[in-house]
Amino acid sequence: MTDLQIRLFAFDWLKSQIEIHGDVLTRRLLQDGFNLSGEKYGLVGPQGIWKPKAMKLPISITSIVDGPYPDSIDEESGILNYRYRGTNPNHPDNLGLRELMKQKIPLIYFHNIVENKYVPMWPVYIVGDNPLDLSFSVMADDIAYLKPLELSGQAAESLTSYARRAYITVTSLRRVHQRGFREIVLKAYRNQCALCQLRHTGLLDAAHIIGDLEDNGEPIIQNGLSLCKIHHSAFDQYIIGISPDFKVKVRKDILEEIDGPMLKYGLQSLDNGNLILPGNLKDYPDRERLDFRYNQFLKAG
Ligand SMILES: [Zn+2]
């Protein structure tokens with residue numbers, strides 16, 4: 001069994017796990033991994049760079065939640081910077097990644113969204129080595145380009161493949177961050193709607209206070225609210241506003257309307273109530289962002 005065959009098996013295995021569990025996978029599942037020809041292959045290890053015993057080169061790299069050096073993406077170049085292990089460029093883990101770069105061999109990137117939960121991206125490639133800032137440059141690609149190219153032994157390095165990889169890296173990382181956003185926000189609000197306390201996670205969203213395409217619209221807890229679908233839409237459409245002192249306001253024309261119980265209990269009854277806040281003070285919604293958004297709500301009324 002060649003190294004590349006094991007990698008392709010790992011990619012297929014990940015795909016099947018996502019079909020079963022969704023795209024957020026637990027550490028336990030990834031640590032246990034799979035068995036192939038009598039060997040066990042876990043896909044994550046105690047350090048960020050991971051090589052199963054039966055393989056010669058690393059199979060995955062993992063971002064570290066709240067780590068000292070968060071992995072950063074340069075949106076313009078479409079390159080993800082991944083820190084070396086430690087400061088010695090010749091640590092075996094760093095050597096392993098350098099070898100993957102030389103041989104143009106793909107691996108898996110696990111984005112750690114909350115403790116013990118990961119969203120995978122694959123295939124990714126080590127495309128550059130930056131000894132000055134102790135990091136590697138990483139780019140993602142589309143799996144469709146992998147099999148024919150790698151198996152025929154000629155990974156094409158053309159301008160189009162660079163542009164494609166840049167695009168795929170940026171869009172997949174955005175998706176991964178949005179996925180992480182939902183997890184961290186719902187967890188902060190103990191899986192309930194911050195307006196009506198509904199606890200069905202399937203009906204809950206992580207709403208942005210400031211939209212993700214605007215300035216300050218980052219996918220962080222302090223820019224998020226855990227809201228049920230109806231209250232998320234009502235918040236987005238300025239039917240409901242939340243003041244910087246966490247009071248809930250319903251737009252005047254909606255308060256004057258007369259209709260059935262959904263309007264009465266679902267919307268009107270929320271007016272002047274208190275926002276349900278996260279358990280931790282550090283997770284509270286950012287007052288400046290709320291203020292900015294509340295002013296838009298007041299203008300809409
Ligand atoms: Zn709700």
Side-chain angles (χ1 to χ4, degrees), residues 21-24 26 65 113-117 119 174-301:
H21 305 285
D23 53 7
V24 179
T26 63
V65 87
I113 50 178
V114 287
E115 212 185 349
N116 298 325
K117 285 188 175 181
V119 179
R174 275 196 203 135
R175 184 188 61 80
V176 161
H177 287 146
Q178 291 307 337
R179 196 66 186 78
F181 180 61
R182 183 174 188 276
E183 289 284 325
I184 56 177
V185 171
L186 263 58
K187 190 177 172 209
Y189 286 81
R190 302 173 301 278
N191 293 306
Q192 61 186 332
C193 173
L195 294 176
C196 70
Q197 284 185 301
L198 187 74
R199 286 171 200 275
H200 281 271
T201 47
L203 296 176
L204 296 179
D205 289 335
H208 287 79
I209 297 172
I210 307 261
D212 57 347
L213 298 176
E214 295 174 57
D215 287 345
N216 301 317
E218 296 94 335
I220 54 172
I221 296 181
Q222 299 81 0
N223 186 37
L225 293 169
S226 169
L227 296 178
C228 69
K229 302 274 179 193
I230 192 108
H231 289 139
H232 185 185
S233 291
F235 182 67
D236 281 353
Q237 292 171 38
Y238 302 112
I239 288 173
I240 287 175
I242 296 163
S243 72
D245 56 354
F246 312 132
K247 283 272 181 244
V248 182
K249 298 285 171 187
V250 177
R251 205 170 70 207
K252 199 161 168 283
D253 60 308
I254 303 289
L255 285 174
E256 286 162 358
E257 231 177 272
I258 293 169
D259 195 29
M262 190 63 215
L263 179 81
K264 194 174 173 193
Y265 300 109
L267 295 174
Q268 292 170 335
S269 74
L270 298 176
D271 194 45
N272 287 321
N274 293 315
L275 187 72
I276 296 164
L277 289 160
N280 283 323
L281 193 64
K282 68 174 175 52
D283 296 336
Y284 275 27
D286 174 36
R287 287 172 189 264
E288 272 177 40
R289 285 184 170 91
L290 279 179
D291 187 48
F292 178 84
R293 181 66 191 249
Y294 190 57
N295 277 312
Q296 290 179 325
F297 164 78
L298 293 176
K299 273 181 217 154

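Numbering of ligands and ligand atoms starts at 1, following listing order.
Neighbours of the Zn ion (ligand 1) restricted to protein N, O or S atoms under 2.8 Å: the count is 4.
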Side chains of residues 294-301: which donor-acceptor partners sit under 3.5 Å, not counting sequence neighbours?
from	atom 1	to	atom 2	distance (Å)
N295	ND2	D291	O	3.1
Q296	OE1	Y238	OH	3.3

Show which side-chain atoms of residues 256-268 pair as donor or acceptor with protein atoms under 3.5 Å away, not counting sequence neighbours.
from	atom 1	to	atom 2	distance (Å)
E256	OE2	K252	NZ	3.2
Q268	NE2	I254	O	2.9
Q268	NE2	L255	O	3.3
Q268	NE2	E257	O	2.9

When the side chains of residues 194-211 are checked against the rest of the protein, which donor-acceptor pairs come out under 3.5 Å, sequence neighbours left out?
from	atom 1	to	atom 2	distance (Å)
R199	NH2	Q192	OE1	3.4
D205	OD1	K229	NZ	2.8
D205	OD2	H232	ND1	2.8

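A donor-acceptor contact under 3.5 angstrom links the side chains of N274 and K247, judged on distance only.
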If you apply the rule salt bridge (charged side-chain N to carboxylate O under 4.0 Å, His left out), what do you find for R175 with D23, and how did you get there? CA-CA 11 Å; R175 184 188 61 80; D23 53 7; 3.3 Å; yes
- Query: Stepwise, does the salt bridge (charged side-chain N to carboxylate O under 4.0 Å, His left out) test hold for R293 with D236?
  - Reply: CA-CA 10 Å; R293 181 66 191 249; D236 281 353; 3.8 Å; yes
